[in-house]
Trainee: 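Have a look at the structure that comes next, please.
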Protein chains: 2
Amino acid sequence: MADSTPKIQPATTGELDERKAAILNAVVAEHIDTAQPVGSNSVSTNEGVNVSSATVRSEMVSLEREGFLVQPHTSAGRIPTDKGYRYFVDHLGRGVLPHTQHSTLANFFSHLRGEMEEVLTQTSQMLNEMSNYTSVIIAPSHASATVRSVQVVDLGPRRCVVVAILSDGEAVRRTLELPFEITPEQVSEASTQIASLLFGNTLEQRVEVPSRDTPVATLVRDAIASLYRSTPTFEEDRVYIGGSAKVADTFDTVEAVRNVLGLLEKEIVVVNLLEDILQQGLSVAIGSEHGYEPLSTAAVVVAPVTVDGEVTGAVGLLGPTRMNYPEALATAQLVSEQLGQRLGDLIGER
Amino acid sequence: MADSTPKIQPATTGELDERKAAILNAVVAEHIDTAQPVGSNSVSTNEGVNVSSATVRSEMVSLEREGFLVQPHTSAGRIPTDKGYRYFVDHLGRGVLPHTQHSTLANFFSHLRGEMEEVLTQTSQMLNEMSNYTSVIIAPSHASATVRSVQVVDLGPRRCVVVAILSDGEAVRRTLELPFEITPEQVSEASTQIASLLFGNTLEQRVEVPSRDTPVATLVRDAIASLYRSTPTFEEDRVYIGGSAKVADTFDTVEAVRNVLGLLEKEIVVVNLLEDILQQGLSVAIGSEHGYEPLSTAAVVVAPVTVDGEVTGAVGLLGPTRMNYPEALATAQLVSEQLGQRLGDLIGER
DNA sequence: ATTTGGCAGTCGAGTCTACCGAGTGCCAAG
DNA sequence: CTTGGCACTCGGTAGACTCGACTGCCAAAT
């Protein structure tokens, strides 16, 4: 509205004319670097901005009116708003990681061995060390894995454990308390019955269980019910966090640190947060864009992890809004690709 | 050495005469309360100390010489040293928790349901909320649990998963990559062979495996080897931490917060820390008593968790050296008892 | 019509000073 | 041995002042 001049505007810069964009860019870049308010002088000496500080100043008042910048107080420089960061991120040329990072990453993945948990734990740690931000990895859900085997094991008086093994290699274990004693034969019969009932189904597709009243039938029914009762652990265990200690350094108020740590503790919330962001088609959520109050001073960079062409998880980096977006984006991107491949190998073809 | 008067000293107060003890006590108590250096005046008005501030002062220089107190600077009050806290803790009358806490605790445990992981997660959270310190719970180790069942499940081309179920209900799962295709019959034969080889042993007691070279024998050997290869996850999974966000509030320097969080991330270290402290027969480790550098400004209160008369785990509270020891001790104590009982029920008789 | 240099004005941050008061150590009297 | 009294120390706070990094505005230049 402030800019109604009928001038040819280059399409590449979107809503802002080229000069404003350059100025905004310079402000964001410098603020990310120095954490200080940025003044018109340092902007005007910036390459890419070839106007005097006075001109920069007048452009900055306009950028402030439009909500891209704010002044902490009169007679201070400007700092970007969430909207300012958003513009910066949206008009970012895909940054390329330095070669050294590329190769340490390749090296890391080539030396990575072990079960999925180890792979993810290690990756999240590496990601944290590499980016210096707190890293979050969401592992593939087991929701679409089908049952390959079920076994009931007698553990002692009226107590047994039922274990289902899923097609992705995961084991789901539940303990059962029985209202009666039971013989080994009955246990093994229940095992085979349950297995044949559930085989090939996911744990989400509920199958009909014949409701007879023999001990075996009761055991079968109880066992299946317990497998269906999804414990919170099931979703929580998908979260791997690397470097929560970094929160103390990257955020500058105690308040923020407490909030972020508090949120990271609630692992289900973390899963939802990342999935929400991806759902919105974003790769960065800045400030309060994601709607999670405690993270209003934070930014989250997310990259989906795809296995066999399907989005099954996510890789995220969490930092203050003035985080190094180009680098963080590139890192998350790269790691998520590599991780997707690796998980594909681990899970195998279905 | 400073105190060589041949006076009858009451045995109850140990190395310090009664008056010094009372003064030290007052200083510690007030410092815990206010986080400020404590001066002679406020001590002399304290009940239990019926001498003038001048006398208190002269006693305080003596306490300082003996290493129980320090002055942050001349003309400031005194604060306790680690040694001062140690004395305070060692001569503490067993505090009793207020009735309200007692009953919320009972209420909590009576409503607690589910598998071990849930029980421990919930307990650690409750403990944190109740004490306002970061809580740590170490779950019973599976080291002494014996194998009750082993099953190999074919997952697809040259890939299978082996699951062992232990007497405590835990399942140990490993994925295997095979150098050859294998038939369902061979898989089930391997299953029974492995089961009969391992049954009744712990995963620590290695059994001899016949080294023939048939596909089944290879599978058996590989599977057993993979079960023996203990993943780090096995020990790490014993740690449950509640309220790491509280670290940001309870410690006052960023440095300390970073250190503590950094240590909490390394779960194996946490296990060792608590077990070390218990091994030393302590229930509180103050400052650098435990030898873990990053925690030199912290104190850890620990209570063993006993199941069937055996120490199998621990309950801990982590705070600054000026934490509320009486309350923390009482809380940890109580929770560990209740938890021990509950875990006994969960694991059942062997 | 824009851009620019110049200029007055604002305000945070740092320095210096003075002062207050909590707390000490010491000592002489009780 | 204890106590009140006294001189002294030193951190913290408040006020005055300066410095300098900014801004906004404006008139001259392009």
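In what follows, every chain begins at residue 1, and chains take the letters A, B, ... in the order their sequences are listed.
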Trainee: Would you tell me if any nitrogen or oxygen in the side chain of B:T55 comes within less than 4.0 Å of OP1 or OP2 on D:dT3?
Mentor: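 B:T55 to D:dT3 OP1/OP2: side-chain N or O found under 4.0 Å.
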Trainee: What is the separation between atom CD on A:Q36 and atom C1' on D:dC22, rounded to the nearest whole Å?
Mentor: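 Whole-Å distance recorded here is 13 Å.
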Trainee: Partners of A:Y85 by ring-ring contact (aromatic ring centres under 6.0 Å, His included), sequence neighbours excluded?
Mentor: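 For A:Y85, the residues satisfying ring-ring contact (aromatic ring centres under 6.0 Å, His included) (neighbours in sequence not counted) are A:Y325.
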Trainee: Do any side-chain nitrogens or oxygens of A:R57 fall under 4.0 Å of OP1 or OP2 in C:dG6?
Mentor: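 No, because none of the side-chain N or O atoms of A:R57 sits under 4.0 Å from OP1 or OP2 of C:dG6.
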Trainee: Quick one: is C:dG9 close enough that its OP1 or OP2 comes under 4.0 Å of any side-chain N or O from A:S75?
Mentor: no
Trainee: Would you mind reading off the distance between B:L63 atom CG and C:dG25 atom C1', rounded to a whole angstrom?
Mentor: 16 Å
Trainee: Quick one: B:H31 NE2 to C:dG23 P, roughly how many Å, whole number?
Mentor: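 In whole Å, C:dG23 P lies 14 Å from B:H31 NE2.
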Trainee: Taking for each residue the nucleotide of DNA chain C bearing the nearest heavy atom, is the 5' side occupied by A:H73 or by B:R78?
Mentor: A:H73
Trainee: Round to a whole Å and report the spacing from CD of B:E59 to C1' of D:dT3.
Mentor: 14 Å
Trainee: The side chain of A:R19 is closest to which nucleotide in this list: C:dT4, C:dT3, D:dT3?
Mentor: C:dT3
Trainee: Among the candidates C:dT4, D:dG4, D:dT23, find the nucleotide nearest to the side-chain atoms of A:M60.
Mentor: D:dT23
Trainee: Without decimals, in angstroms, what is the distance between B:N50 CG and D:dT3 C1'?
Mentor: 14 Å
Trainee: Is it the case that A:E327 and A:S131 place a side-chain donor and acceptor less than 3.5 Å from each other?
Mentor: no
Trainee: Using whole Å, what does the distance between atom C1' of nucleotide D:dG24 and atom CG of A:L69 come to?
Mentor: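 One finds 16 Å between C1' of D:dG24 and CG of A:L69, rounded.
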Trainee: Can a donor-acceptor pair be found between the side chains of B:Y87 and B:N25 at a distance below 3.5 Å?
Mentor: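 Per modelled atom types, B:Y87 and B:N25 side chains form no pair under 3.5 Å.
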Trainee: Could you verify whether a donor N or O on one side chain and an acceptor N or O on the other, from A:T55 and A:S52, lie under 3.5 Å apart?
Mentor: yes
Trainee: Could you check how far CG of A:N41 sits from P of D:dT23, rounded to whole Å?
Mentor: 8 Å
Trainee: When all nucleic acid strands are considered with a 4.0 Å heavy-atom cut-off, which category describes B:T74: base, sugar-phosphate, or nothing?
Mentor: sugar-phosphate
Trainee: Should B:R86 and B:D90 count as an ion pair when the cut-off is N to O under 4.0 Å?
Mentor: yes
Trainee: What's the NZ-P distance between A:K20 and C:dT3, to the nearest Å?
Mentor: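 Distance check: A:K20 NZ to C:dT3 P gives 11 Å.
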Trainee: Between A:P37 and A:A54, which residue's closest nucleotide on DNA chain D lies nearer the 5′ terminus?
Mentor: A:P37
